[in-house]
Amino acid sequence: MTVAVEKAAELLALAHERKQRFETFGPAHGIADIAGAYAVQDALVARLSRKGARPVGYKVGLTSPRMQAMCGIDQPIAGVVLWGRVHRTGGAIALSQFVHAGLEFEVGIRMGEDLPARNAAYTRADVARAVEAVCPAFEVIEDRGADYKKLDVRELVAENSWNGGIVLGA
């Protein structure tokens with residue numbers, strides 16, 4: 001990791017801890033492309049993991065062409081779901097832990113086996129065999145009050161794709 005990546009991750013972690021509103025930060029920290037944004041995300045997740053918020057899953061965002069166009073990207077983005085941010089139906093989430101929370105309806109998928117990287121693409125049947133369960137879900141979005149008109153998708157990715165948690169149904 002570069003010093004710039006670590007510094008950007010540190011500043012993002014502090015902004016979340018202090019519950020600061022979102023401010024554009026990418027250009028000032030040299031996040032020049034999506035790869036750089038994912039490097040900052042990795043550093044942010046590693047920093048949060050050292051505080052006990054270990055990765056337990058993943059989220060996929062910007063899956064529709066409309067949302068991708070709005071964000072100026074031609075592919076979905078990913079983020080990490082962290083331990084302590086997974087909730088079950090009937091639980092309570094304190095809004096005071098967020099700057100600006102939102103909810104998105106989702107489909108939760110629990111994998112029964114890993115699908116490691118390989119040269120050949122996985123088939124639909126391969127993936128279906130690996131799925132253990134499917135459930136309704138809500139993703140908790142923490143956009144920290146970002147101005148969507150000024151949104152830079154690299155910053156969204158760097159901030160762990162705004163994943164503030166998930167609520168899983170039965």
Side-chain angles (χ1 to χ4, degrees), residues 1 5-6 8-20 22 31 34-64 67-68 71 73 75-118 121-144 146 153-170:
M1 299 261 165
V5 165
E6 286 295 331
E10 177 185 5
L11 291 174
L12 286 176
L14 284 172
H16 281 269
E17 280 178 30
R18 296 174 179 164
K19 298 192 178 33
Q20 296 171 332
F22 179 87
I31 302 174
I34 290 295
Y38 278 114
V40 173
Q41 183 189 106
D42 290 346
L44 176 62
V45 168
R47 180 175 291 278
L48 296 171
S49 294
R50 288 191 294 273
K51 293 182 177 186
R54 66 182 170 80
V56 294
Y58 301 93
K59 67 152 289 173
V60 179
L62 306 182
T63 58
S64 72
M67 291 303 295
Q68 290 170 11
C71 293
I73 195 168
Q75 62 191 352
I77 62 172
V80 179
V81 177
L82 300 168
W83 178 256
R85 296 181 182 183
V86 178
H87 310 278
R88 300 288 175 196
T89 296
I93 302 172
L95 287 178
S96 62
Q97 66 185 330
F98 302 99
V99 175
H100 185 255
L103 291 177
E104 291 183 356
F105 298 99
E106 303 291 351
V107 175
I109 300 171
R110 183 172 54 239
M111 302 300 289
E113 62 183 74
D114 289 339
L115 295 173
R118 67 181 195 188
Y122 283 99
T123 67
R124 186 176 292 193
D126 293 333
V127 174
R129 278 191 297 277
V131 171
E132 182 177 310
V134 177
C135 67
F138 289 105
E139 180 183 9
V140 181
I141 302 298
E142 168 60 296
D143 67 10
R144 296 193 296 122
V153 72
R154 296 169 294 184
E155 295 171 336
L156 170 63
V157 169
E159 286 219 32
N160 195 26
S161 299
W162 287 348
N163 183 264
I166 191 158
V167 179
L168 298 174

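Values below: all heavy atoms of this structure, side chains included; hydrogens, waters and symmetry mates excluded. Since this is a predicted model, take the numbers as computed values, not measurements.
- In this structure, R144 and E159 have side chains that are in contact, with non-hydrogen atoms separated by less than 4.5 Å.
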Inset, instruction - Take E17 and K51, measure what salt bridge (charged side-chain N to carboxylate O under 4.0 Å, His left out) needs, and give me the verdict at the end. - result: CA-CA 12 Å; E17 280 178 30; K51 293 182 177 186; 2.5 Å; yes
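- For the pair N160 (side chain) and Q41 (backbone), a donor-acceptor distance under 3.5 Å is absent.
- Y38 contributes no side-chain N or O that, together with a main-chain N or O of G79, makes up a donor-acceptor pair within less than 3.5 Å.
- Here the side chains of V153 and L156 are in contact, with some heavy-atom distance below 4.5 Å.
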Could you tabulate the donor-acceptor pairs under 3.5 Å formed by side-chain atoms of residues 125-141, not counting sequence neighbours?
{"from": "D126", "atom 1": "OD1", "to": "T123", "atom 2": "OG1", "distance (Å)": "3.4"}
{"from": "D126", "atom 1": "OD1", "to": "R129", "atom 2": "NH2", "distance (Å)": "2.7"}
{"from": "D126", "atom 1": "OD2", "to": "R118", "atom 2": "NH2", "distance (Å)": "3.0"}
{"from": "D126", "atom 1": "OD2", "to": "T123", "atom 2": "N", "distance (Å)": "2.9"}
{"from": "D126", "atom 1": "OD2", "to": "T123", "atom 2": "OG1", "distance (Å)": "3.1"}
{"from": "E132", "atom 1": "OE2", "to": "R110", "atom 2": "NE", "distance (Å)": "3.1"}
{"from": "E139", "atom 1": "OE1", "to": "K59", "atom 2": "NZ", "distance (Å)": "3.2"}
{"from": "E139", "atom 1": "OE2", "to": "K59", "atom 2": "NZ", "distance (Å)": "2.8"}
{"from": "E139", "atom 1": "OE2", "to": "N163", "atom 2": "ND2", "distance (Å)": "2.8"}

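- Note: I77 CD1 to L62 CG = 4.0 Å, rounded to the nearest 0.5 Å.
- In this structure, K19 NZ and L14 CG are separated by 12.5 Å, a value rounded to the nearest 0.5 Å.
- Contact record, A43 with V5: CB-CG1, 3.8 Å, taken as the closest heavy-atom pair.
- Legend: side chain to side chain donor-acceptor pair (under 3.5 Å) pairs involving residues 80-103, not counting sequence neighbours, sorted by first then second residue: H100-D143.
- When all heavy atoms are compared, the tightest approach of G164 to F98 is O-CE2, 3.8 Å.
- Of the inter-residue distances, the one linking R47 atom CZ with L12 atom CG reads 9.5 Å to the nearest 0.5 angstrom.
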Inset, instruction - I would like to know whether E142 and H16 meet side-chain hydrogen bond (donor to acceptor under 3.5 Å, both in side chains); could you show each step before the answer? - result: CA-CA 9 Å; E142 168 60 296; H16 281 269; 5.0 Å; no
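- Listed for the T63 side chain is no donor-acceptor partner under 3.5 Å among the backbone atoms of P76.
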Inset, instruction - I would like to know whether V40 and I31 meet side chain to side chain contact (heavy atoms under 4.5 Å, CB included); could you show each step before the answer? - result: CA-CA 8 Å; V40 173; I31 302 174; 3.8 Å; yes
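- Note that CD1 of I166 is 10.0 Å distant from CD1 of I93, once rounded to the nearest 0.5 Å.
- Between P116 and Y122, the shortest heavy-atom contact is O-OH, 2.5 Å.
- A heavy-atom distance below 4.5 Å is found between the side chains of L48 and L82.
- Within 6.0 Å of atom OH in Y58, 12 or fewer heavy atoms from other residues, nucleotides or ligands are found, so the atom counts as exposed in its surroundings.
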